[in-house]
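Take a look at the structure below.
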Amino acid sequence: MSSFSSSFMKTMNDRGFIHQVTDAAELDGTMNKKAITAYIGFDCTADSLHVGSLVQIMMLRHLQKSGHKPIVLMGGGTTKVGDPSGKDDMRQLLSDEDIERNKNGIRQIFEKYLTFGDGPSDAVMCDNDEWLSGLQYIPFLRKYGRHFSVNRMLSFDSVKLRLEREQPLSFLEFNYMILQAYDFLELRRRYGCALQMGGSDQWGNIVNGVELARRVDQQTIYGLTTPLVTTASGAKMGKTAQGAIWLNADRLSAYDFWQFWRNTDDGDVGKFLRLFTELPLEEIQRLESLEGSALNDAKKILADEATKLCHGEAAALEAAETARKTFEEGAIGEALPSVDVARAELDDGLWVVEALRTAGLVASNGEARRLIKNSGARVNDAVVSDADLRLGAGDIGADGVIKLSSGRKRHALLRAV
């Protein structure tokens with residue numbers, strides 16, 4: 001049973017979201033007495049977020065459903081610096097145009113999970129470029145730099161781990177934690193923000209912000225981090241052999257998103273149902289206790305619920321039906337990922353290795369060759385044994401497509417045009 005009394009903190013604890021809190025009892029008491037404003041920052045390093053950010057997005061959703069106000073902070077300013085957390089190398093510096101394009105792509109995701117508006121608990125989206133890009137360097141250092149101890153900054157994991165691995169850390173990146181701390185101070189002043197949340201790798205940055213508000217404004221604010229989510233195999237959540245599991249449909253189809261969850265390891269079903277769906281805990285306990293083939297039903301429910309939140313109910317139903325037709329009936333589902341190929345290419349003979357790569361089933365020609373060598377590649381459900389095979393017009397089915405498969409769970413269509 002949870003020792004927390006506020007709705008939000010109970011939910012966070014019971015579903016496995018909490019790793020560290022700056023003052024758990026005081027934060028819980030505050031949230032039990034009144035609605036507060038909390039934020040999470042998202043840097044704009046790509047035009048979509050991936051499943052690795054979904055824990056934080058779900059936290060904001062639970063926060064809003066508990067009656068509190070979420071702030072989505074777009075890192076238009078901090079993206080120009082680069083967060084060193086979890087990286088061995090300096091992040092690629094992006095142009096202002098790239099950052100703006102990425103912001104526009106990321107914004108679409110939050111509209112599915114949060115309600116934005118002017119109400120007391122309606123979400124707000126802002127961009128730290130509003131205040132960071134206008135800072136004057138010398139006045140900023142004189143006013144805020146004196147509150148940061150370099151000795152302490154070197155002890156935080158985001159810096160310490162990079163140095164221990166003898167990887168270079170630029171002075172530009174070293175400034176990141178100061179700017180993030182200032183973000184928290186600025187959001188407290190502008191919106192009364194009392195809580196910053198983030199992944200466990202952000203703990204040092206968050207603590208800096210909490211302490212800066214205490215020293216500069218004599219205000220008490222809080223920090224909360226989530227544990228690093230790994231799969232039962234020990235892999236980092238959201239990373240697969242095929243690449244990142246993106247949240248935007250133009251980067252990854254709803255069907256492939258559904259399949260990602262359907263392929264969850266048996267040992268992760270309960271954890272993922274708690275973190276990535278809103279099913280009642282009693283129902284989750286029932287589902288995770290299933291054994292054998294019955295556990296597959298729990299995985300389908302996980303896939304359905306996670307896909308509904310990200311892509312909508314209609315897309316989730318279509319993905320589930322496509323999977324049913326593909327796996328149970330052996331038919332070609334209409335929602336399978338497809339790519340157009342000029343019929344002329346097929347007339348000339350399309351190399352099967354290139355076809356697998358074009359369809360997105362493998363990342364490289366080498367990976368395609370290994371897949372074929374291990375009997376994992378199929379064309380129209382027939383195993384491919386020859387890596388030099390050429391696909392032609394005779395492989396096109398009556399519906400105008402060639403079905404390609406990687407293993408038994410990943411499929412795509414080549415559509416002749």
Pair D28-S6, side-chain hydrogen bond (donor to acceptor under 3.5 Å, both in side chains): steps then yes or no
CA-CA 6 Å; D28 182 49; S6 66; 2.6 Å; yes
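- Counting heavy atoms from C-beta outward, D217 and R188 have side chains that approach closer than 4.5 Å.
- Within the 4.5 Å cutoff, side-chain heavy atoms of Q202 are placed close to those of Q180.
- Classification of the F17-H62 ring pair by plane angle, with boundaries at 30° and 60°, yields perpendicular.
- The only member of V383, D386, V352 that meets side chain to side chain contact (heavy atoms under 4.5 Å, CB included) when paired with I372 is V352.
- Here the options are D127, D98, D129, the test is salt bridge (Lys or Arg N to Asp or Glu O under 4.0 Å), and the partner is K103; only D127 passes.
- Shortest non-hydrogen contact noted between L309 and F276 is CD1-O, 3.7 Å.
- Tested against W258, the residues T322, T307, D304 include a single side-chain hydrogen bond (donor to acceptor under 3.5 Å, both in side chains) partner, D304.
- Residue A387 comes nearest to R369 through the heavy atom pair CB-NH1, 3.9 Å, listed as atom of the first residue, atom of the second, then distance.
- Taking 4.5 Å as the limit, every side-chain heavy atom of L187 sits out of range of all side-chain heavy atoms of N128.
- H68 approaches I36 most closely through the heavy-atom pair ND1-N, 2.9 Å.
- Atom CD1 of residue I206 and atom CG of residue L224 lie 8.0 Å apart, to the nearest 0.5 angstrom.
- Taking the side chain as every heavy atom from C-beta outward, L27 and T22 never approach each other to under 4.5 Å.
- Heavy-atom neighbours of E291 CD from other residues, nucleotides or ligands within 6.0 Å: at or below the threshold of 12.
- Taken to the nearest 0.5 Å, the CG atom of L273 stands 9.0 Å off from the CZ atom of R15.
- Inter-residue side-chain proximity for N205 and Q196 is flagged as unmet; no heavy-atom pair is nearer than 4.5 Å.
- No option in L73, V210, L212 other than V210 meets the side chain to side chain contact (heavy atoms under 4.5 Å, CB included) test with F184.
- Here the CD atom belonging to E100 is positioned 12.5 Å from the CG atom belonging to L94, to the nearest 0.5 angstrom.
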Anything under 3.5 Å between a donor and an acceptor, one on a side chain of residues 109-126, the other on a protein residue two or more places apart or in another chain? List them.
residue : atom : partner : partner atom : Å
K112    : NZ   : C310    : O            : 3.2
D122    : OD2  : D118    : N            : 3.3
D122    : OD2  : G119    : N            : 2.7

Could you walk me through whether R274 and D14 satisfy the salt bridge (Lys or Arg N to Asp or Glu O under 4.0 Å) test, starting with their C-alpha distance in whole Å, then the side-chain angles of each, then the deciding distance to 0.1 Å, before giving a yes or no?
CA-CA 8 Å; R274 287 180 177 84; D14 295 347; over 6 Å; no
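- Listed by chain and residue number, F140, Y182 satisfy the ring-ring contact (aromatic ring centres under 6.0 Å, His included) test with Y144 (two or more places apart in sequence, or in another chain).
- Salt bridge annotation for R101-E97: absent, with no cationic side-chain nitrogen under 4.0 angstrom from a carboxylate oxygen.
- The residue from M12, M31, K69 that alone fulfils the side chain to side chain contact (heavy atoms under 4.5 Å, CB included) condition with L63 is M31.
- You'll find the side chain of V269 reaches within 4.5 Å of the side chain of K299, heavy atoms only.
- The CZ atom of F257 sits 8.0 Å away from atom CG of L252, with the distance rounded to the nearest 0.5 Å.
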Mind running side-chain contact (heavy atoms from CB on, under 4.5 Å) on R214 and T220 for me, showing each step along the way?
CA-CA 6 Å; R214 177 177 56 80; T220 298; over 6 Å; no
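- Scanning for salt bridge (Lys or Arg N to Asp or Glu O under 4.0 Å) contacts around E278 gives R61, K65, with sequence neighbours left out.
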Test side-chain contact (heavy atoms from CB on, under 4.5 Å) on M197 and T225; report intermediate values, then the result.
CA-CA 6 Å; M197 302 182 293; T225 62; over 6 Å; no
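- Among all heavy-atom pairs drawn from Y176 and T78, the shortest one is CE1-CB, 3.6 Å.
- Considering only heavy atoms from C-beta on, E211 stays 4.5 Å or farther from H147 through its side chain.
- Across all non-hydrogen atoms, the minimal contact from N208 to R152 is OD1-NH1, 4.4 Å.
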Before you tell me yes or no, could you show the steps for S200 and Q20 under side-chain hydrogen bond (donor to acceptor under 3.5 Å, both in side chains), namely the whole-Å CA-CA distance, both residues' side-chain angles and the distance that decides it to 0.1 Å?
CA-CA 8 Å; S200 57; Q20 291 172 293; over 6 Å; no
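- With R251 as the fixed residue, the side chain to side chain contact (heavy atoms under 4.5 Å, CB included) test singles out one of L49, I245, D47: D47.
- You'll find the side chain of N248 reaches within 4.5 Å of the side chain of Q108, heavy atoms only.
- Going from atom CZ of F272 over to atom CD1 of I284 covers 13.0 Å, rounded to the nearest 0.5 Å.
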For side-chain hydrogen bond (donor to acceptor under 3.5 Å, both in side chains), just list the numbers for D268 and T231, CA-CA rounded to whole Å, side-chain angles, deciding distance to a tenth of an Å, and then say yes or no.
CA-CA 6 Å; D268 290 325; T231 63; 4.6 Å; no
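- Remark: D266 CG to L295 CG distance equals 4.5 Å, nearest 0.5 Å.
- Annotation: E283, atom CD; neighbour count of heavy atoms from other residues, nucleotides and ligands within 6.0 Å is above 12.
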Quick one: do N102 and F42 satisfy side-chain contact (heavy atoms from CB on, under 4.5 Å)? Show the steps, please.
CA-CA 11 Å; N102 291 347; F42 298 87; over 6 Å; no
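- The two atoms that bring D388 and W351 nearest to each other are CA-NE1, 3.9 Å, heavy atoms only.
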